[in-house]
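Below: one structure, written as structure tokens.
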Amino acid sequence: MDLAFESLQVLLLSLCCLILVPSAAGWACRDTCGNLQVKYPFGTGPGCGDPRFQNSVSCVNQKLIFTTHSGSYPISSIDYSQTTIYLADPRMSSCASMTSSGSFGLDTTAPFKFKNDIFVLLNCSLSSCLYSPTNYMCDTGSSQICSALYSCPGVVGLGLQPYSSISSCCVYAPINLGSADEINLAKLECQSYTSIYSFGNDATDPTRWNYGIALKYSFNVGNSNFPTACVNCEQSKGVCGFTGRYNSFTCVCRNGVNTTTDCYGQEDYWNGAQSHRSAAFGLWIAGLVLAIASSFYF
């Protein structure tokens with residue numbers, strides 16, 4: 001019985017090792033991150049997507065994150081047809097909730113720029129450089145935006161009362177952000193900011209506005225086969241990536257194989273390999289049963 005028990009232990013350990021072997025260990029690049037589809041030029045990890053976007057967008061704990069020198073921000077959605085990503089800064093104010101915010105800025109070398117965002121600085125000091133007579137930085141033609149925002153119940157989070165004077169509110173156009181495209185609240189002496197990328201169906205109702213930061217991304221196609229090659233790669237259920245000293249294009253397939261073109265034919269190989277593994281596993285189980293029976297019998 002001792003010999004039979006030891007044999008059973010060895011066989012069961014072998015079974016566990018076989019089951020725990022990953023089915024596609026080499027498929028490091030994924031086409032999703034959480035509930036977001038990830039396509040070129042973005043990637044989910046090292047060697048995925050376009051190398052020019054590697055430092056800006058990453059998949060962390062199944063959340064797609066945009067990183068810049070001012071912090072890291074969740075990406076709420078991506079419109080690939082409009083080459084636009086939408087960020088949700090957790091500390092940014094909205095009509096429903098206003099609180100002290102952090103600053104926001106874009107890295108000068110990153111391939112992103114503001115789309116049509118309307119930035120509004122909230123509860124600013126009247127001594128701020130925003131109101132300098134020689135360099136007034138607020139859009140005086142957009143006072144209705146400040147009036148609408150200051151009618152929101154969320155302003156109490158800034159120590160204000162609804163319908164307070166809008167003198168401490170500034171509609172700050174991206175053209176005034178400077179070469180670094182940055183909102184430095186400490187320097188501007190403002191408590192918070194919000195960004196509106198769409199007024200929805202009612203420009204007078206701040207509860208229906210779309211709050212967040214919309215960024216356009218771009219890439220230089222010159223001397224690069226990434227965009228053209230990626231179309232075929234993604235259509236063949238592959239993921240675009242790069243490899244080697246010169247960041248050469250590679251198409252990462254589900255079976256762990258990297259190709260220089262696409263993954264057509266690789267899916268059949270993967271399914272066939274799976275079938276062979278299933279058959280082999282069935283034979284292994286049969287052998288296991290016979291081995292156990294023999295151990296107990298003898």
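Please read these numbers as outputs of a predicted model, since none were measured by experiment.
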| message | Looking at Asn255 and Val257, would you say the former's side chain and the latter's main chain have a donor-acceptor pair under 3.5 Å? | response | yes

| message | With no hydrogens and no angle check, just 3.5 Å: does a side-chain donor-acceptor pair link Asp107 and Thr109? | response | no

| Expected output: side-chain Asn247 to main-chain Pro51 donor-acceptor under 3.5 Å | no

| query | Closest heavy-atom contact between Thr204 and Ala148? | reply | O-CB, 4.4 Å

| said: To check you understand the geometry: which heavy-atom pair defines the closest contact between Gly49 and Phe242, and what is its length? | reply: O-CD2, 3.3 Å

| Any side-chain heavy atom of Phe114 sitting closer than 4.5 Å to one from Leu215? | yes

| query | Yes or no on side-chain contact (heavy atoms from CB on, under 4.5 Å) for Leu87 and Phe104, after CA distance, side-chain angles and deciding distance? | reply | CA-CA 11 Å; Leu87 309 182; Phe104 180 85; 3.9 Å; yes

| query | Out of curiosity, Ser70 OG to Glu182 CD, how far, rounded to the nearest 0.5 Å? | reply | 6.5 Å

| query | Transitively linked via ILVMFWY side-chain contacts under 4.5 Å: Val120 with Tyr131? | reply | yes

| request: I would like to know whether Tyr172 and Leu188 meet side-chain contact (heavy atoms from CB on, under 4.5 Å); could you show each step before the answer? | output: CA-CA 11 Å; Tyr172 194 52; Leu188 297 172; 4.1 Å; yes

| task | Taking atom CD of Gln161 as the centre, report whether more than 12 heavy atoms of other residues, nucleotides or ligands fall under 6.0 Å from it. | result | no

| query | To the nearest 0.5 Å, what is the distance between CE (Met98) and SG (Cys152)? | reply | 4.5 Å

| Just by distance, do the side chain of Trp209 and the backbone of Asp202 share a donor-acceptor pair under 3.5 Å? | yes

| task | Measure the shortest side-chain to side-chain distance between Thr261 and Asn232 over non-hydrogen atoms and say whether it is less than 4.5 angstrom. | result | no

| task | Give, for atom CD1 of Ile75 and atom OG of Ser58, the distance between the pair rounded to the nearest 0.5 Å. | result | 8.0 Å

| field | Beyond-backbone contact of Asn258 with Val252, side-chain heavy atoms, under 4.5 angstrom | value | yes

| Looking at side-chain heavy atoms only, is the closest gap between Thr99 and Ser192 below 4.5 Å? | no

| task | Return yes when the gap between the SG atoms of Cys170 and Cys146 is under 2.5 Å; return no otherwise. | result | no

| message | When you compare the side chains of Asp89 and Tyr193, does any donor N or O come within less than 3.5 Å of an acceptor on the partner? | response | yes

| task | Evaluate whether atom CG of Asn135 has more than 12 neighbouring non-hydrogen atoms of other residues, nucleotides or ligands under 6.0 angstrom away. | result | yes

| note | Taken to the nearest 0.5 Å, the spacing of Asp262 CG from Cys251 SG works out to 6.0 Å

| task | Could you tell me whether the SG atom of Cys124 lies less than 2.5 angstrom from the SG atom of Cys190? | result | yes

| field | pair Val171-Cys138: side-chain heavy atoms closer than 4.5 Å | value | no

| Counting N and O atoms only, with roles assigned by atom type, does the side chain of Asn184 sit under 3.5 Å from a partner on the main chain of Ala186, one being a donor and the other an acceptor? | yes

| Trace of the side-chain contact (heavy atoms from CB on, under 4.5 Å) decision for Cys263 with Arg254 | CA-CA 8 Å; Cys263 295; Arg254 292 176 182 270; over 6 Å; no

| note | Nearest heavy-atom approach of Ser56 to Ala110 is OG-CB, 3.9 Å

| message | Is there a side-chain contact between Leu121 and Ile183 in this structure, where contact means two heavy atoms from C-beta onward sitting under 4.5 Å apart? | response | yes

| task | Please examine the side chains of Val155 and Ser164, heavy atoms only from C-beta on, and report whether any two atoms are closer than 4.5 Å. | result | no

| Can you tell me if Thr68 and Tyr73 form a side-chain donor-acceptor pair at under 3.5 Å? | no

| request: Locate the shortest heavy-atom distance separating Leu185 from Gln191; write the atom from each residue and the value. | output: CD1-O, 4.1 Å

| message | As a quick check of understanding, evaluate side-chain contact (heavy atoms from CB on, under 4.5 Å) for Arg208 and Asn201, giving each step before the final call. | response | CA-CA 7 Å; Arg208 304 179 68 176; Asn201 297 323; 4.0 Å; yes

| field | Ser101 versus Arg91, closest heavy-atom pair with distance | value | OG-O, 2.8 Å

| query | Any luck finding a side-chain donor-acceptor pair between Thr67 and Ser72 under 3.5 Å? | reply | yes

| field | From Phe199 atom CZ to Ile145 atom CD1, the distance as rounded to the nearest 0.5 Å | value | 4.0 Å

| field | Check: Tyr211 and Ile196 side chains under 4.5 Å, non-hydrogen atoms | value | yes

| query | So Phe66 and Phe112, would you call those rings parallel, tilted or perpendicular, with 30° and 60° as cut-offs? | reply | perpendicular

| query | Taking the six-membered ring where the residue is Trp, are the ring centres of Tyr40 and Tyr80 under 6.0 Å apart? | reply | no

| Polar side-chain atom of Lys115 near backbone of Ile85 as donor-acceptor pair, under 3.5 Å | no

| query | Donor-acceptor pair, Asp31 side chain versus Val239 backbone, under 3.5 Å? | reply | no

| message | Could you check whether the SG atoms of Cys33 and Cys59 sit less than 2.5 Å apart, since that is the cutoff I want to apply? | response | yes

| said: When you measure from the side chain of Ser195 to the backbone of Gly212, do you find a donor-acceptor pair of N or O atoms at a distance under 3.5 Å? | reply: yes

| task | Tell me whether Phe249 is reachable from Tyr246 by hopping between hydrophobic residues (I, L, V, M, F, W, Y) whose side-chain heavy atoms are closer than 4.5 Å. | result | no

| note | Smallest heavy-atom separation, Gly47 atom then Gln54 atom, equals N-OE1, 3.0 Å

| said: Does either side chain, that of Thr243 or that of Thr250, offer a donor lying less than 3.5 Å from an acceptor on the other one? | reply: no

| remark: Output for pair (Thr32 OG1, Lys39 NZ), nearest 0.5 Å, gives 13.5 Å

| task | Return yes if some donor-acceptor pair links the side-chain N/O of Thr194 with the main-chain N/O of Ser93 below 3.5 Å, else return no. | result | yes

| said: I want to know whether Phe53 and Phe42 have ring centres closer than 6.0 Å. | reply: yes

